[in-house]
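Source: prediction; values computed, not measured.
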There are 2 protein chains.
Amino acid sequence: METKQTDIKLKTPIRCIVKLGGAAITCKNEFEKINEANLITVSSQLREAMMFGSSSGSVLEMDWSKRPGMAESLVKVDDYKEQLVLDFSSFVVIHGAGSFGHFQASTSGVHRGGLNQPLVKAGFVATRISVTSLNLEIVRALAREGIPSVAMSPFSCGWSTRERNIASADVSAVVEALDSGFVPVLHGDAVLDEALGCTILSGDVIISHLAAHLKPQFVVFLTDVFGVYDRPPAEPNAVLLREIAVREDGSWSVVNPTLEDSDKQVEISVASHDTTGGMVTKISEAAMIAKHGIDVYIVKAATEHSLTALSGKLRDKIPDDWLGTVIRHVS
Amino acid sequence: METKQTDIKLKTPIRCIVKLGGAAITCKNEFEKINEANLITVSSQLREAMMFGSSSGSVLEMDWSKRPGMAESLVKVDDYKEQLVLDFSSFVVIHGAGSFGHFQASTSGVHRGGLNQPLVKAGFVATRISVTSLNLEIVRALAREGIPSVAMSPFSCGWSTRERNIASADVSAVVEALDSGFVPVLHGDAVLDEALGCTILSGDVIISHLAAHLKPQFVVFLTDVFGVYDRPPAEPNAVLLREIAVREDGSWSVVNPTLEDSDKQVEISVASHDTTGGMVTKISEAAMIAKHGIDVYIVKAATEHSLTALSGKLRDKIPDDWLGTVIRHVS
């Protein structure tokens, strides 16, 4: 992985990188439909988590644009003048595509490259239109909660891949936005690929890259199930894996629940043949982050459990009634 | 002006940089309202200008997202498979804000900087939301005409200023998009400023910067009047300045119409005290571009005259019945 930056100097350490899973913020089975209720709750929880320690309750609205059913913006300038500067802890938000972008990308095969084919080129443009329109709505939802969110599209940032691996992804613009007190909002995107012409850069790859370079205190994946299970969560007897320990070499094992029979561990590693980006892929990617000493929490969005994870409380102690998966380094 | 790139290597020379003036594509007096009719005509004329020499008539729709009143995307994949690769000449599109962004920026004073003030920080976020939502709609309008348009927001590109002058504006991402056959769509944006904290980077400054680095064959400003006049166009007896000659040192004079009395030239230079970004400012900025040997055409959007300008025909000969202002270098 060749990147320009060698040492990242953040004015204040970054607290958290959070992934808003596509399944959590969009309606999976409805084309380009946002899960408004979830997005509002997620935005509100993010605000609460970012303002930890501050008791200011009033929300400074930062989306002054027209909204459906509202003819004019209703900003009261005086509200801002009386406000003290709010101290937000540094967060970066990355979101998936859900029911945005997937149709355009899969129909055209953008991930396979081949920009000389009209279908691929059109699909590239169409995919970016779809994911950036979702990005705009997420930035607006966060801004309505008073979070100083700014859109940073990986393609616009000049990020590119080579054979689908990150080739160039200068994080300096993200760092400068953070240092100026903004919350960068990135997303899975169609990007140029030096070998293939183009491909899809997934939100999960972006998180791994940013985590390795920005070294946040913890990473939270907000998803539509309670965490990682030992089999598809819809199956009977699926067991939530509560804690996974990652060793120096990146290997990992489930430490809670203690798996009574050793076959269970085998079963999980067999599942690694699952190429759909299932459980084992997810754990392995999270393990690569945890290896750096960064706690990873996988939790259901818009629940009390996600608020606990986002607020960073799990770093000290995992409450018995907390539902989710913790993936952390053990030395 | 410190910029990273020293020599820009474009695979194919860039043909045109076009500015879609805010007044031409939005309804000036209605908050965040696009001038749909003009935008459709402008997009269609851009397509025609980009495809010069090609006789292919069918439009390959590249916006596959939902639209108001349409439940589903109606893309026919087979249409794309039968299509030959289209050869577009290289264009870069930059648009102004018009009735988007201005309210947010002026209410908060983003251009003056001061991100430690909550009003300015909120205004920065609000301005970006407004201008990027306009940008998305322009990218979509172009994509519907089969133009492979990609949004590239200056802030996301990491562009920044120092005391409102461009400090860092690496054009490599724009060049790579062009080399891959895309049409980058940039816009006036709120950006970070090394001295002030933040400011507004105008579309006109972006054009000057890109023109100097990308050396297009010509630059077109699409506006809401027929060109540059010797006084506000609404005034009686306002005369359209048809041709302005720019000398090596950047100084300029009106060569058509020949101004009978020499007082006219004086009158124009007196008007330079006009600080509202009026006529003389516009001519002086265009002269800085023309100095590089790049023709500049200022023309009314969505007219036969704009199509003539965009197609590059004015480089050979300016037809007698053409309405607009040509600003070009004379040696």
Side-chain angles (χ1 to χ4, degrees), chain A residues 31-32 60-66 71-73 75 77 80-81 83-86 100 103-104 107-108 115-119 121-130 132-133 136 139-140 143 146-153 155-158 160 170 172-173 176-177 180-182 192 197-198, chain B residues 31-32 60-66 71-73 75 77 80-81 83-86 100 103-104 107-108 115-119 121-130 132-133 136 139-140 143 146-153 155-158 160 170 172-173 176-177 180-182 192 197-198:
Chain A
F31 179 54
E32 296 189 340
L60 276 189
E61 164 79 65
M62 298 191 183
D63 173 13
W64 302 351
S65 285
K66 260 201 314 206
E72 289 278 329
S73 171
V75 175
V77 168
Y80 296 79
K81 290 185 176 150
Q83 194 73 32
L84 292 173
V85 177
L86 298 178
F100 289 74
F103 159 74
Q104 288 88 348
T107 300
S108 59
L115 277 177
N116 56 341
Q117 299 163 51
L119 180 64
K121 185 171 245 177
F124 188 99
V125 170
T127 301
R128 293 210 73 237
I129 286 171
S130 188
T132 54
S133 67
L136 176 61
V139 166
R140 292 186 67 172
I147 297 171
S149 52
V150 286
M152 303 198 83
S153 216
F155 173 83
S156 307
C157 290
S160 62
D170 186 353
S172 58
E176 277 157 30
S180 296
F182 292 106
L192 301 180
C198 65
Chain B
F31 180 55
E32 295 190 340
L60 276 191
E61 164 78 64
M62 298 191 183
D63 173 13
W64 303 351
S65 285
K66 262 202 312 205
E72 288 278 328
S73 172
V75 175
V77 169
Y80 296 80
K81 291 184 175 149
Q83 193 75 29
L84 293 172
V85 177
L86 299 177
F100 289 74
F103 158 74
Q104 289 87 349
T107 301
S108 59
L115 278 176
N116 55 342
Q117 299 163 51
L119 180 64
K121 184 172 247 176
F124 187 99
V125 170
T127 301
R128 292 209 75 237
I129 287 172
S130 187
T132 55
S133 68
L136 176 62
V139 166
R140 292 187 68 172
I147 297 170
S149 52
V150 286
M152 303 198 82
S153 216
F155 172 83
S156 306
C157 291
S160 63
D170 187 353
S172 59
E176 275 156 32
S180 296
F182 292 106
L192 302 180
C198 66

Query raised in the report: Given that the side chain runs from C-beta out, which part of B:F124 has a heavy atom under 4.5 Å from chain A: side chain, backbone, both or neither?
Result: side chain
Query raised in the report: For chain B, which of A:C157, A:S130, A:A151, A:G123 has the most heavy-atom pairs under 4.5 Å?
Result: A:A151
Report summary line: Among A:T127, A:T132, A:V150, the residue with the most heavy-atom pairs under 4.5 Å to chain B is A:V150
Query raised in the report: Considering only heavy atoms, which portion of B:S153 lies under 4.5 Å from any heavy atom of chain A: side chain, backbone, both, or neither?
Result: backbone
Report summary line: Value for OG (A:S65) from CZ (B:F100), rounded to nearest 0.5 Å, stands at 8.0 Å
Report task. For the residue pair B:E176 and B:F182, establish whether any side-chain heavy-atom pair is separated by less than 4.5 Å. Result -> no
Report task. Just give me the residue among A:A126, A:S133, A:A173 that pairs up with chain B most often, heavy atom to heavy atom, under 4.5 Å. Result -> A:A126
Requested in this report: Would you indicate whether the side-chain heavy atoms of A:L115 and A:L192 approach each other to under 4.5 Å?
Outcome: yes
Requested in this report: Could you tell me which portion of A:R128 (side chain, backbone, both or neither) has an atom closer than 4.5 angstrom to a non-hydrogen atom of chain B?
Outcome: side chain
Query - Euclidean distance, A:M62 CE relative to B:L119 CG, rounded to 0.5 Å - result: 10.0 Å
**Report entry** Contact winner vs chain B - A:S180, A:A143, A:G197, heavy-atom pairs under 4.5 Å
**Finding:** A:S180
Query raised in the report: In terms of heavy-atom pairs under 4.5 Å with chain A, which of B:E32, B:M152, B:E61 leads?
Result: B:E32
Query raised in the report: Taking all atoms of both residues into account, what is the closest heavy-atom pair of B:K66 and B:R140, and its distance?
Result: O-NH2, 2.8 Å
Query raised in the report: If you tally heavy-atom pairs under 4.5 Å against chain B, which of A:G181, A:S160, A:A122, A:P148 wins?
Result: A:A122
Query raised in the report: Are the side chain of B:S149 and the backbone of A:V125 linked by a donor-acceptor contact shorter than 3.5 Å?
Result: no
Query - Residue B:I129 versus chain A: region with a heavy atom under 4.5 Å - result: both
Report task. Check whether any side-chain heavy atom of B:W64 sits under 4.5 Å from a side-chain heavy atom of A:T107, and report yes or no. Result -> yes
